[in-house]
*Asks:* 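Structure incoming, see below.
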Amino acid sequence: MFARLSTWLDCTAFPRVKDPEEEAVKVAVLRGVTGLILVWRCSLMLRDSWYYFGDSDRLLYVLMAAAQLALALGLTLGVFPRVCAAALLATHPAYSIWTGTYNLAPMLLTPMMGAFAVLDAGRLSLFGRPRAAPPAIQFRAVYLLLYVAYAAWSFQACLYHIRDAHWLAGKTVSVLFTNSYLSEFYSWFRLWESAAPGSFRIWSIATVMLQTLFQLFMLPLMLVRWGAVFVHLWGWIFIVGSLLDLQISILAVVEVVMWALIFLPANLFCLPALFRRTNGPLPSLPCGRGVTTGAFCGVYGLLLLLFFGNAAAQFTWGVTLPEWVRNPVFVHSGLIAPNVFNRDDLSMGDRWPIFERLDGADAGLVPFTGWEGERLAYHRGDLIYFGNSLRWRRAMIDVNDLAGWHEPGTTGYDFAKKIALYDYRRNGSSGPGIYRVVMMRNHSSESRDDRLDLQYRSERVCEFTLQVGQQSP
């Protein structure tokens, strides 16, 4: 299988692997970086689980977060890294689903964990002696799998885009970067839009067109040199732009690691002062490693074919694979169709809650959301961001009566109470714990070019109070 694949890849513009020993060091470095990313995510999940969940289920979620953190540390430090990668491959999607934090980042991490599990050769490890690196074609086969997975997510995302009014009008990028919930520097982009609307509009349209080309044709573009150059460069532009401005948790950093695995030459990671070749021959890899690599590529490759086929069939004829294939097989393999940066995402900056603590030593603005809808410190962890805030904002996009939707016993009230309880517990508060919640809105996703002052003007819709402390009924 690998021999035929090598011959075919040599006829394309897919990156080559020149030195397997250098490639093994590259994999080890990026394995450590990925581990650090997961340490950050799981550390915040562990902390927030203690304050967010109630007494009945807090211990369970804390123990799950601690287990994920331990595996992430093992991956980072090289403590049985292949075992840790395989365990994260098997458990992290499920953990993310259970905590309501499953998003594009854990999806991308799923095949990456498989890649580290089959390619790691003991470099930069505290436990486990180094072994000879896998053959070059095994590196290329796994990198190809990661590239096809990214192409599958992109293809499915684009099928959603081309049915979205914002995307078809070329306004997605302009609305996205002026969205106070998703963009770090939204105020600067609003200034650009106000000062030079023409160039701002051209930039948005051009970016949408290039991203459409990139997402739809990632696979055929890699067959020719100029296409590979475009995919490589545009991928970096998209990823770095997301990293610098878009507030999408760890996603952009995970994409940096994936793109580095696929495209960056290994000699960039082999600094002479840090990494030296081992004198003498290294123990060879176990004979079953090649079989394991082939099985991983074969099984995940088959799932990718089904994922592509399901996307095309759903878009063309409105039919999908059976539910048992889509969930749990696709879901736990990281293969979920990403419906992102369309109407729902772009509308999340239109309505938001402001929390104010009215009593106690911590009275004042709760660092959840600012007065313009911008995210504050509590959003650093995925549990608050994906588990509450994002779900809350999406749920009230089409709600006409926000006041009624936030009455006690309703969905909106439950979202609010969880944040108030989180703040109350995190600050070690005592007493009543009285909070005022002010619901705000603007019209940022409507893209009213004629009256930008009205589009971004924040206005109060309603407010209510809730009590979460010891005197709660």
Side-chain angles (χ1 to χ4, degrees), residues 44-62 65 99-101 180-181 247 347-442 444 457-473:
L44 294 178
M45 291 286 290
L46 175 60
R47 181 201 65 187
D48 289 344
S49 294
W50 183 258
Y51 301 117
Y52 187 74
F53 295 107
D55 294 337
S56 61
D57 50 9
R58 177 183 298 129
L59 181 60
L60 173 62
Y61 284 103
V62 166
T99 54
T101 62
S180 62
Y181 188 63
Q247 301 181 96
S347 299
M348 289 194 299
D350 292 359
R351 301 174 176 196
W352 64 93
I354 303 292
F355 281 80
E356 294 178 293
R357 177 74 183 271
L358 300 181
D359 68 319
D362 301 300
L365 181 68
V366 174
F368 179 65
T369 309
W371 287 100
E372 289 191 339
E374 72 275 20
R375 291 188 283 185
L376 301 181
Y378 282 178
H379 279 85
R380 288 176 185 155
D382 283 357
L383 186 58
I384 300 301
Y385 174 29
F386 290 105
N388 184 292
S389 175
L390 180 143
R391 293 169 179 264
W392 189 358
R393 292 208 184 200
R394 283 186 174 178
M396 62 179 168
I397 288 175
D398 293 316
V399 173
N400 294 320
D401 181 11
L402 283 179
W405 198 71
H406 288 91
E407 292 286 341
T410 61
T411 302
Y413 189 87
D414 289 342
F415 279 122
K417 188 170 183 178
K418 287 179 179 179
I419 295 300
L421 279 167
Y422 172 82
D423 179 76
Y424 185 85
R425 294 166 181 155
R426 182 167 170 175
N427 287 295
S429 301
S430 60
I434 302 172
Y435 290 81
R436 176 168 56 216
V437 184
V438 181
M439 302 305 303
M440 306 286 293
R441 72 177 179 190
N442 61 22
S444 63
R457 179 186 296 170
S458 301
E459 57 186 52
R460 293 183 182 228
V461 179
C462 63
E463 64 179 68
F464 59 96
T465 61
L466 50 82
Q467 184 176 322
V468 298
Q470 296 174 353
Q471 298 180 22
S472 296

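The shown structure was predicted, so the numbers you read here are calculated from the model rather than taken from an experiment.
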*Asks:* Counting distance only, does the side-chain N/O of Arg351 pair as donor-acceptor with the main-chain N or O of Asn442 below 3.5 Å?
*Replies:* no
*Asks:* Ignoring hydrogens and angles, tell me if any N or O in the side chain of Ser180 forms a donor-acceptor pair with the backbone of Glu372 under 3.5 Å.
*Replies:*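 Confirmed, Ser180 side chain pairs with Glu372 backbone.
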*Asks:* Is there a donor-acceptor contact under 3.5 Å from the side chain of Asn388 to the main chain of Ile384?
*Replies:*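 Checking the backbone N and O of Ile384 against the side chain of Asn388, no donor-acceptor pair under 3.5 Å is found.
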*Asks:* Let me confirm one number: the CG-CD distance from Asp401 to Glu407, rounded to the nearest 0.5 Å.
*Replies:* 8.0 Å
*Asks:* Using 30° and 60° as the class boundaries, would you call the ring planes of Tyr181 and Tyr385 parallel, tilted or perpendicular?
*Replies:*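 Plane angle over 60°, so perpendicular.
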*Asks:* Flag the pair Leu466 / Val437 as yes when at least one side-chain heavy-atom distance between them is below 4.5 Å, and no otherwise.
*Replies:*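 With C-beta onward as the side chain, the pair touches.
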*Asks:* So, Arg425 side chain and Ala420 main chain: donor-acceptor pair closer than 3.5 Å or not?
*Replies:*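 Checking the backbone N and O of Ala420 against the side chain of Arg425, no donor-acceptor pair under 3.5 Å is found.
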*Asks:* From Ile354 CD1 over to Glu356 CD, what is the distance, rounded to the nearest 0.5 angstrom?
*Replies:*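 With rounding to 0.5 Å, CD1 (Ile354) is 8.0 Å from CD (Glu356).
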*Asks:* Using the ring centroid of each side chain, check whether Phe464 and His406 are separated by less than 6.0 Å.
*Replies:*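 Close enough - the centres of the two rings lie under 6.0 Å apart.
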*Asks:* Can Gln247 and His379 be said to form a side-chain contact (heavy atoms from CB on, under 4.5 Å), step by step?
*Replies:* CA-CA 10 Å; Gln247 301 181 96; His379 279 85; over 6 Å; no
*Asks:* Tell me every residue that passes salt bridge (charged side-chain N to carboxylate O under 4.0 Å, His left out) with Asp57, counting only those two or more places apart in sequence or in another chain.
*Replies:*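 In terms of salt bridge (charged side-chain N to carboxylate O under 4.0 Å, His left out), with neighbours along the sequence ignored, Asp57 is linked to no residue.
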*Asks:* What pairs with Arg441 under side-chain hydrogen bond (donor to acceptor under 3.5 Å, both in side chains), at least two apart in sequence or on another chain?
*Replies:* Glu459
*Asks:* So, the side chain of Asp359 versus the backbone of Gly433: is there a donor-acceptor pair under 3.5 Å, distance only?
*Replies:*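 Checking the backbone N and O of Gly433 against the side chain of Asp359, a donor-acceptor pair under 3.5 Å is found.
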*Asks:* Find the distance between OG1 (Thr101) and CG (Asp48) and round it off to the nearest 0.5 Å.
*Replies:*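 So the OG1 of Thr101 and the CG of Asp48 are separated by 11.0 Å.
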*Asks:* Is the backbone of Thr369 close enough, under 3.5 Å, to the side chain of Arg375 for a donor and an acceptor to pair up by distance?
*Replies:*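 It does not hold such a pair.
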*Asks:* More than 12 non-hydrogen atoms from neighbouring residues, nucleotides or ligands closer than 6.0 Å to CZ on Arg380, yes or no?
*Replies:*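 Not buried by this count: 12 neighbours or fewer within 6.0 Å.
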*Asks:* For Trp392 and Phe355, take the angle between the two ring planes, folded into 0 to 90°, and tell me which bin it lands in: parallel under 30, tilted 30 to 60, perpendicular over 60.
*Replies:* perpendicular
*Asks:* So, the side chain of Arg357 versus the backbone of Asp362: is there a donor-acceptor pair under 3.5 Å, distance only?
*Replies:* no
*Asks:* Give, for atom OG of Ser458 and atom CH2 of Trp352, the distance between the pair rounded to the nearest 0.5 Å.
*Replies:*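 Spacing of OG (Ser458) from CH2 (Trp352) equals 3.5 Å.
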*Asks:* For Ser347 and Arg393, what are the C-alpha separation, side-chain angles and deciding distance, and is it a side-chain hydrogen bond (donor to acceptor under 3.5 Å, both in side chains)?
*Replies:* CA-CA 8 Å; Ser347 299; Arg393 292 208 184 200; over 6 Å; no
*Asks:* Please tell me if the side chains of Met45 and Thr99 come closer than 4.5 Å, counting only heavy atoms from C-beta onward.
*Replies:*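 The answer is yes; the side chains approach within 4.5 Å.
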*Asks:* Any side-chain heavy atom of Leu383 within less than 4.5 Å of one from Phe53?
*Replies:* yes
*Asks:* Please evaluate residues Arg394 and Met348 with respect to the criterion side-chain contact (heavy atoms from CB on, under 4.5 Å), reporting the C-alpha separation (whole Å), side-chain torsions for both, the decisive distance (0.1 Å), and the verdict.
*Replies:* CA-CA 6 Å; Arg394 283 186 174 178; Met348 289 194 299; 3.6 Å; yes
*Asks:* Would you sort out whether Tyr435 and Ile419 count as a side-chain contact (heavy atoms from CB on, under 4.5 Å), showing the intermediate values?
*Replies:* CA-CA 10 Å; Tyr435 290 81; Ile419 295 300; over 6 Å; no
*Asks:* Quick one: do Val62 and Leu46 satisfy side-chain contact (heavy atoms from CB on, under 4.5 Å)? Show the steps, please.
*Replies:* CA-CA 6 Å; Val62 166; Leu46 175 60; 3.6 Å; yes
*Asks:* Please round to the nearest 0.5 Å and tell me the distance separating atom CH2 of Trp405 and atom SG of Cys462.
*Replies:* 11.0 Å
*Asks:* Excluding sequence neighbours, so at least two apart, what forms side-chain hydrogen bond (donor to acceptor under 3.5 Å, both in side chains) with Arg426?
*Replies:* Tyr422
*Asks:* Rounded at 0.5 Å granularity, tell me how far CG in Leu376 sits from CG in Leu365.
*Replies:*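 Here the rounded value is 6.0 Å.
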*Asks:* Are the side chains of Met440 and Trp371 in contact, using a 4.5 Å heavy-atom criterion?
*Replies:*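 Yes, side chains in contact.
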*Asks:* Is there a salt bridge (charged side-chain N to carboxylate O under 4.0 Å, His left out) between Lys417 and Asp414 once you walk through the steps?
*Replies:* CA-CA 5 Å; Lys417 188 170 183 178; Asp414 289 342; over 6 Å; no
*Asks:* Between Phe368 and Tyr378, is the ring centre distance below 6.0 Å?
*Replies:* no
